[in-house]
A.B. asks: 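Sharing a structure below in structure tokens format, with a few things to ask.
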Amino acid sequence: MRRAIFMIIAVALFMSGCSQPEVEVVQIPSPILTITMSDGLVMTAELYPMQAPNTVANIVNLVQQGYYDGLEFYRVKAGFVIQTGDPTGTGYGGVDYRIRGEFSENGFENDISHTRGTLSMARYPSDYDSAGSSFFIMHAGAKYLDGEYAAFGRLIGDESYETLDIIANTPTDINEKPLVDKVIHSITVDTKGYTYTHEEIEED
């Protein structure tokens, strides 16, 4: 999978005293995600394919398919998160496949911390490999999520954080659903010319 996300060039040096090849890791520019709400508010985020390659690839592919357009932030909790990606708005819907959880408790090194503005994948608490399309944006930091959830990006720019605050402070019902729907008009992504392919978990 990593070959689809970033390129590792190994150059063997057949010189005296050089027994190991030199490895150059080519950094991939961060894709830029733009979330435009139906009321015109905007959030922009940079994604981190080097830290969470398959997670970023999955999000990029869903965005390019228009999957999130018209969906709502169905869960809003001020001081914690805003969450989207489930067409049913229940937290139990989404795409019909799952991806591997890219975080340390699942055996994958990912050093992105869940600070304010971080994007991360939602999943079932009992299943590390149950993420699909739902993701959340941290309204406030919660570092106890580090190593437990697959963080993959972070908001950039003052406008993004202003929009985050507006959505997060929306009045909700007892199920943390906004009383006034917070609808995503569109999400777009600039991949800086790179093509992303994600891997899904094969069902037994």
A.B. asks: Short question: side chain of S120, backbone of A150 - any donor-acceptor pair under 3.5 Å?
C.D. replies: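 Such a contact is found between S120 side chain and A150 backbone.
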A.B. asks: How close do G79 and A140 get, heavy atom to heavy atom, and via which atoms?
C.D. replies: O-CB, 3.4 Å
A.B. asks: Counting only N and O atoms by type, is there a donor-acceptor contact under 3.5 Å from the side chain of R98 to the main-chain atoms of V95?
C.D. replies: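 A pair under 3.5 Å: yes.
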A.B. asks: Does atom NZ (K192) have a neighbourhood of more than 12 heavy atoms from anything else shown, all under 6.0 Å?
C.D. replies: yes
A.B. asks: What pair of heavy atoms forms the shortest contact from P49 to P29, and how long is it?
C.D. replies: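 What the structure gives for the nearest pair is CG-O, 4.4 Å.
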A.B. asks: Is the centre of the H198 ring less than 6.0 Å from the centre of the Y97 ring?
C.D. replies: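 Yes, the ring centres sit under 6.0 Å apart.
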A.B. asks: Is it the case that T88 and T90 place a side-chain donor and acceptor less than 3.5 Å from each other?
C.D. replies: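 A donor-acceptor contact under 3.5 Å links the two side chains.
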A.B. asks: Can you list, by chain and residue number, the hydrophobic cluster partners of I174 when the side-chain cut-off is 4.5 Å?
C.D. replies: none
A.B. asks: For D158, does the CG atom have more than 12 heavy-atom neighbours from other residues, nucleotides or ligands under 6.0 Å away?
C.D. replies: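 No, the 6.0 Å shell around CG holds no more than 12 heavy atoms from other groups.
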A.B. asks: Of the non-hydrogen atoms in A168 and A78, which two are nearest, and what is the gap between them?
C.D. replies: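 Closest pair (atom of A168, atom of A78, distance): O-CB, 3.3 Å.
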A.B. asks: Could you check if a side-chain atom of T36 sits within less than 4.5 angstrom of a side-chain atom of T34, using non-hydrogen atoms only?
C.D. replies: yes
A.B. asks: Give the cluster check for V60 versus M43: same hydrophobic cluster or not, with ILVMFWY residues linked at side-chain heavy-atom distances below 4.5 Å.
C.D. replies: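 Both belong to a single hydrophobic cluster.
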A.B. asks: Could you tell me if the side chain of V42 sits less than 4.5 Å from the side chain of M37, heavy atoms only?
C.D. replies: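 Sidechains of V42 and M37: no contact.
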A.B. asks: Does any part of the side chain of Q51, heavy atoms only, come nearer than 4.5 Å to the side chain of F108, both counted from C-beta?
C.D. replies: no
A.B. asks: Give me the atom names and distance for the closest heavy-atom approach of T197 to N54.
C.D. replies: O-OD1, 4.4 Å
A.B. asks: Quick one: do L62 and F152 end up in the same hydrophobic cluster if we chain Ile, Leu, Val, Met, Phe, Trp and Tyr together by side-chain heavy atoms under 4.5 Å apart?
C.D. replies: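 Yes, L62 and F152 fall within the same hydrophobic cluster.
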A.B. asks: Evaluate Y68 against F73 for ring pair (Phe, Tyr, Trp, His ring centres under 6.0 Å), listing each step before the verdict.
C.D. replies: CA-CA 10 Å; Y68 296 100; F73 280 98; 9.5 Å; no
A.B. asks: Mind checking the CZ-OG1 spacing from R154 to T118? Nearest 0.5 Å is all I need.
C.D. replies: 3.5 Å
A.B. asks: Write out all pairs satisfying side chain to side chain donor-acceptor pair (under 3.5 Å) with one or both partners inside residues 127-136, taking only residues at least two apart or from two chains.
C.D. replies: Y67-S133, Y74-S134, N106-D129
A.B. asks: Is there a path of hydrophobic side-chain contacts, each under 4.5 Å between heavy atoms, that joins I184 and F135?
C.D. replies: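 Yes, because I184 and F135 connect within a single hydrophobic cluster, where side-chain heavy atoms sit under 4.5 Å apart.
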A.B. asks: If you look at every heavy atom in T84 and L71, which pair is closest and at what distance?
C.D. replies: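 Smallest heavy-atom distance, with atoms named: OG1-CB, 4.1 Å.
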A.B. asks: To the nearest 0.5 Å, tell me how far I32 CD1 sits from L47 CG.
C.D. replies: 7.0 Å
A.B. asks: For S113 and D146, which I'm curious about, is there any donor-acceptor pair between the side chains at under 3.5 Å?
C.D. replies: yes
A.B. asks: Do the non-hydrogen side-chain atoms of D173 and L179 ever get within less than 4.5 Å of each other?
C.D. replies: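 A side-chain contact exists here, since the closest heavy-atom pair is under 4.5 Å.
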A.B. asks: Between E148 and E105, is any pair of side-chain heavy atoms under 4.5 Å apart?
C.D. replies: yes
A.B. asks: Tell me whether I156 is reachable from I137 by hopping between hydrophobic residues (I, L, V, M, F, W, Y) whose side-chain heavy atoms are closer than 4.5 Å.
C.D. replies: no
A.B. asks: Side chain of S160, backbone of L155: donor and acceptor closer than 3.5 Å?
C.D. replies: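 Answer holds: no.
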A.B. asks: Are the side chains of Y196 and I28 in touch, meaning some heavy atoms are under 4.5 Å apart?
C.D. replies: yes
A.B. asks: Under the 4.5 Å side-chain heavy-atom rule for ILVMFWY, direct or indirect, which residues accompany V183?
C.D. replies: none
A.B. asks: May I ask you to test the H139-R116 pair for a side-chain heavy-atom distance under 4.5 Å?
C.D. replies: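 Yes, side chains in contact.
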A.B. asks: By side chain to side chain contact (heavy atoms under 4.5 Å, CB included), which residues pair with I166, not counting sequence neighbours?
C.D. replies: L41
A.B. asks: In Å and rounded to the nearest 0.5 Å, what is the CG to CD1 distance from N169 to I167?
C.D. replies: 10.5 Å
A.B. asks: Starting from Y149, walk the hydrophobic network (Ile, Leu, Val, Met, Phe, Trp, Tyr; side-chain heavy atoms closer than 4.5 Å) and list everyone else you reach, by chain and number.
C.D. replies: F80, V81, F136, M138, Y144, L145
A.B. asks: Whether the side chain of N110 engages the backbone of I112 through a donor-acceptor N/O pair (distance < 3.5 Å, no angle test) should be reported.
C.D. replies: yes
A.B. asks: Exactly one of E199, E102, M121, E200 should register a side chain to side chain contact (heavy atoms under 4.5 Å, CB included) with N58. Which one does?
C.D. replies: M121
A.B. asks: Could I get the full list of salt bridge (charged side-chain N to carboxylate O under 4.0 Å, His left out) partners for E176, not counting sequence neighbours?
C.D. replies: R75, K77
A.B. asks: Quick check against the 3.5 Å criterion: does D86 have a side-chain atom that pairs as donor or acceptor with the backbone of G93?
C.D. replies: yes
A.B. asks: Pairing donors with acceptors under 3.5 angstrom, does anything connect the side chains of H185 and D39?
C.D. replies: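 No, D39 and H185 have no side-chain donor paired with an acceptor closer than 3.5 Å.
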A.B. asks: Can you name the nearest heavy-atom pair linking S126 to R123, along with the distance?
C.D. replies: N-NH1, 4.5 Å
A.B. asks: Are I187 and L119 co-members of a hydrophobic cluster defined by side-chain heavy atoms under 4.5 Å apart?
C.D. replies: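 Yes, same cluster.
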A.B. asks: Would you say P31 and V189 make side-chain contact, with heavy atoms under 4.5 Å?
C.D. replies: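 In short, these two side chains touch, coming nearer than 4.5 Å.
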